[in-house]
Every structure is written in structure tokens, then in C-alpha cells.
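A short write-up of the structure that comes next.
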2 protein chains.
Amino acid sequence: MKKAAATRLHILQKAFELIYNQGYQTTSLDDILATTQVTKGAFYYHFKNKDEMGIAIIEEMLKPVITSGYIAPLEKEANPVELIYEMMQHLLLKNEFLKIELGCPAANFVQEMAPWHEQFSKVLSELTATWEKTIAESLEKGKRNGYIQKDVNSKQATIFILSGYWGIRNLGKLEKDTAIYKAYLKQLKHYLSSLSTAG
Amino acid sequence: MKKAAATRLHILQKAFELIYNQGYQTTSLDDILATTQVTKGAFYYHFKNKDEMGIAIIEEMLKPVITSGYIAPLEKEANPVELIYEMMQHLLLKNEFLKIELGCPAANFVQEMAPWHEQFSKVLSELTATWEKTIAESLEKGKRNGYIQKDVNSKQATIFILSGYWGIRNLGKLEKDTAIYKAYLKQLKHYLSSLSTAG
DNA sequence: AAAAAAACATACCAAGTGGTATGTTTTAAA
DNA sequence: TTTAAAACATACCACTTGGTATGTTTTTTT
């Protein structure tokens with residue numbers, strides 16, 4: 001990698017961690033410069049302003065991770081009930097970057113920025129939309145493969161599933177104990193099996 | 001009401017609205033002073049600092065509304081499936097103060113403050129805990145009254161229900177269309193009826 | 001009515017904010 | 001090897017932030 005691209009990436013990575021740990025608005029530019037050891041001149045060479053960096057973090061850090069780690073696995077032919085459950089279990093209990101007390105980076109961005117920054121809202125919408133679409137398609141595939149009951153409304157079910165995830169991430173911030181995740185997962189399984197032909 | 005108490009209340013009300021509309025951290029003291037027409041001296045007479053006001057808003061604005069409007073109605077003897085569904089429907093579709101693009105005030109506070117402010121975390125935990133407790137008790141009562149299946153884990157189900165609500169509030173910020181609420185409610189009904197003896 | 005406390009008003013400030021202007025150094029093209 | 005553009009560095013700035021110091025006015029108590 002070229003050196004310039006490396007510093008840009010370095011900024012994005014460290015800033016992402018900082019923002020996940022302290023929030024976007026409360027992470028100051030000086031914070032970022034201090035932990036990256038990058039000067040202001042270098043920063044503003046790579047980004048027009050702080051918000052452009054924020055968008056870049058979503059596009060270049062969040063999006064790839066979610067796409068490769070959580071969306072792609074759903075595109076298998078396996079039982080969606082199991083695919084979705086495993087996705088959630090991995091997100092909640094096995095992912096080592098995510099911390100219960102800090103919630104979900106994407107949800108944090110939405111909560112903090114969506115109502116007031118059109119651009120943030122847009123890229124976050126796209127990210128959510130592709131996730132939503134993939135889950136819904138997985139359920140549809142499940143119908144064809146005989147895993148899912150034909151009368152299930154895939155889009156509705158997807159919205160319900162995603163909302164549960166985003167919500168439990170927020171509840172986790174209060175409880176700070178993975179027991180709440182486990183309780184959620186149990187009921188998610190219950191719900192999923194109510195969509196299943198087997199359940 | 002005494003005049004001093006009135007200005008204090010006035011600050012709390014207007015500040016609450018401002019914060020709901022723009023977020024806690026991004027609502028500046030000067031914002032609050034400008035819209036309340038209260039001077040800095042008066043503000044700092046009533047509150048030690050901005051955070052103390054934030055806590056007061058949760059304790060004296062949020063808590064009463066949630067308690068009287070949403071917790072109390074759950075304490076009836078009726079079918080919890082219907083009580084819970086009606087609570088959600090009211091919160092999502094009928095409450096005129098809450099705006100879809102702005103989410104849930106309590107959830108916003110949690111998202112924005114919980115990880116970093118112990119005190120905020122504490123009062124918000126308490127608020128959530130009483131809500132949780134009431135829903136769980138409603139389900140338990142439902143078991144005794146024959147509405148809810150005996151093998152339902154009330155605490156788990158409560159966590160699942162609450163997480164769905166908090167999550168759909170966040171998803172709503174992106175979609176800005178109550179269609180997503182309606183989709184959520186349909187699946188909530190489906191889930192609730194899976195707990196019911198009738199469903 | 002005098003005194004004291006409560007309630008409010010004004011002026012000020014240190015620290016931090018994102019951002020710019022103007023450099024210097026490094027890299028790569030000619 | 002010169003030259004120009006890319007990449008980075010430093011100093012500065014206007015503005016906003018929450019908060020304080022020090023008043024004045026209004027209420028209440030005696």
C-alpha cells in the first residue's frame with residue numbers, strides 16, 4: 001500500500017475505534033490527531049472535514065465488515081432460521097470487537113446522526129437496506145426450500161428481527177451483562193421457530 | 001405553583017423538547033436559555049450544572065409520563081397479549097409528542113449517555129427496570145389467568161418485547177415512515193400470540 | 001418595616017471546537 | 001536532475017462551550 005493511503009486508512013481505523021468508544025460528536029479532531037499521531041495538515045489533506053471522515057468510516061469500515069461478515073453468510077441455501085440465529089449469536093456473543101456497553105456501531109451512528117445529517121442518514125439507510133434485503137431474501141429462499149412457512153411475510157419478519165437486534169444492543173448498554181443477550185437469543189429462537197415449518 | 005417552581009418546570013419542559021429534537025450533547029445551554037428566555041443566573045440557581053438538569057428531565061419528565069401512561073395500564077387483569085400490544089400501538093402510532101424521525105426519548109438518552117455517564121446510566125436503568133418488571137408481572141398474571149402458556153419465560157419474553165420496541169424506534173429514524181411501525185406491530189402480534197394459550 | 005434569604009440578571013472567562021493559511025518535506029514525473 | 005505535484009507540518013483564529021463571580025431584584029420571614 002502506498003504510504004499516503006496507509007495514513008488515510010490509519011486515521012479511519014483509529015477514528016472508528018475512538019468514535020465507537022466515545023461517540024461521534026464527542027470525539028474531537030484533536031482526539032483523533034493525538035491518537036493517530038497525524039497532524040492537522042495531513043488530516044485535512046485526506047478529508048474535507050470531520051463529517052466527510054465520518055461518512056468514509058461508514059462506507060469503508062462499517063460497510064465492508066457488515067457485508068462480508070454478516071450479509072454474505074446469509075446467502076447460503078441453508079435453513080434461514082439457523083443462518084439468522086447464528087448471525088445474531090455471532091454478533092452478540094462471539095464478535096470480539098463489539099462491546100456490550102458500547103452497543104452497535106451502526107446503531108450508534110443512526111441514533112446520533114440520522115435525524116440531523118442527511119448524508120449520514122443516507123449511507124446508513126443504504127447499509128440497513130441491503131441487510132434487510134438479504135434477510136428477506138434468505139427467508140424467501142427458505143420458503144422455496146421448505147424451511148419457512150409459505151404464509152410468512154418476509155419483509156415484516158425481517159423488520160421484526162432487525163429491530164430486536166438494534167434494541168437489544170441498546171438495552172445491553174444499560175445492563176452491561178451478556179445474560180440479557182442470551183435471554184434475547186432464546187426468544188429469538190422461539191420466534192424464528194414460529195416461522196419455521198419444523199417449529 | 002410558586003413562581004420559582006414554575007421557571008424550573010419551564011426549563012425542564014423546554015429543554016426536554018429541545019433535547020428530543022436535537023440530542024442532549026448538541027443542545028447547548030445557550031440554546032436552552034434562548035428558548036426559555038431564562039438567564040444563566042436563573043438556570044444555575046435551579047441546577048448545579050447541565051448534567052443535573054439532564055437527570056432531572058429523566059426523573060421528572062420522562063419517568064412520570066412513562067409510569068402513568070405506559071406502566072400503569074399494564075397492571076390491569078386483562079389479557080397481557082392485548083395490553084402489551086395496545087401499549088406498543090399507542091406508543092408507536094398514537095402518541096402525538098413522539099416523532100418517528102426522532103425516536104424514543106429514553107432510548108436516545110441511553111444511546112447518547114449511558115456508556116459514559118454513570119449517573120445517567122443509573123436512572124435510565126431504574127426506569128427500564130420498572131418497565132421490565134411490570135411487563136414481566138403482567139405476563140405472570142396472564143399465566144395465572146389462563147391467557148399465557150405456563151412454559152413461557154416471562155423475563156425472557158419481556159426482554160425480547162422491549163428490545164423490539166427500542167430497535168424499531170431506531171429503525172424508524174432511518175425510514176421515517178410509519179409503515180415500518182405497522183410491519184413491526186404485525187409481527188409483534190404474531191409473536192405475542194405464540195405466547196398465548198389462544199394463539 | 002427591616003432583614004435575610006431566595007430568585008434572578010449581567011458580565012466575564014478559560015478551555016476546547018472545527019477549520020484555515022501558509023508553510024515544508026517527500027514523492028514521482030519530465 | 002530539475003520540477004511540479006502530492007503529502008504532511010505548524011501556527012493561528014473565530015466561535016462556541018459550560019461554568020463562575022458578582023451583582024440586583026423579588027419574596028419571605030421576623
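Just so it is clear: chains get the letters A, B, ... in the order the sequence lines come, proteins before strands, and each one is counted from 1. Here the structure is a predicted model, which is why all the values come from computation and not from measurement.
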Between the protein and nucleotides 26-30 of chain C, which nitrogen or oxygen pairs come in under 3.5 angstrom?
none

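- Residues Ile159(A) and Gln187(B) form no side-chain contact, since every pair of their non-hydrogen atoms from C-beta on lies 4.5 Å or further apart.
- Judged as a salt bridge (charged side-chain N to carboxylate O under 4.0 Å, His left out), the pairs with a partner in residues 29-41 of chain A (not counting sequence neighbours) are, in order, Asp30(A)-Lys40(A).
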Protein N or O to nucleotides 15-20 of chain D N or O, pairs below 3.5 Å:
{"from": "dT17(D)", "atom 1": "OP1", "to": "Ser28(B)", "atom 2": "OG", "distance (Å)": "3.4"}
{"from": "dG18(D)", "atom 1": "OP1", "to": "Lys50(B)", "atom 2": "NZ", "distance (Å)": "3.1"}
{"from": "dG18(D)", "atom 1": "OP2", "to": "Leu29(B)", "atom 2": "N", "distance (Å)": "2.6"}
{"from": "dG19(D)", "atom 1": "OP2", "to": "Tyr44(B)", "atom 2": "OH", "distance (Å)": "3.1"}
{"from": "dG19(D)", "atom 1": "OP2", "to": "Lys50(B)", "atom 2": "N", "distance (Å)": "3.0"}
{"from": "dG19(D)", "atom 1": "N7", "to": "Lys40(B)", "atom 2": "NZ", "distance (Å)": "3.2"}
{"from": "dG19(D)", "atom 1": "O6", "to": "Lys40(B)", "atom 2": "NZ", "distance (Å)": "2.5"}

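- With sequence neighbours left out, the side-chain hydrogen bond (donor to acceptor under 3.5 Å, both in side chains) criterion links Lys189(A) to no other residue.
- Here Tyr165(A) pairs with Arg169(A) under the side-chain hydrogen bond (donor to acceptor under 3.5 Å, both in side chains) rule; sequence neighbours left out.
- Per the geometry, CZ belonging to Arg8(A) stands 16 Å off P belonging to dA6(D), to the nearest Å.
- A continuous path of Ile, Leu, Val, Met, Phe, Trp and Tyr side chains, each step under 4.5 Å between heavy atoms, connects Tyr85(B) with Val81(B), placing both in one hydrophobic cluster.
- Scored by the side-chain hydrogen bond (donor to acceptor under 3.5 Å, both in side chains) test, Glu60(B) finds Arg8(B) as partners (sequence neighbours excluded).
- Residues Tyr70(B) and His90(B) bring a donor and an acceptor atom of their side chains to less than 3.5 Å of each other.
- In this structure, CD of Gln37(A) is placed 14 Å from P of dC8(D), rounded to the nearest angstrom.
- Surrounding CD of Glu59(B) are more than 12 heavy atoms belonging to other residues, nucleotides or ligands, all under 6.0 Å away.
- Within the 4.0 Å cut-off from OP1 or OP2 of dC8(D), at least one side-chain nitrogen or oxygen of His46(A) is found.
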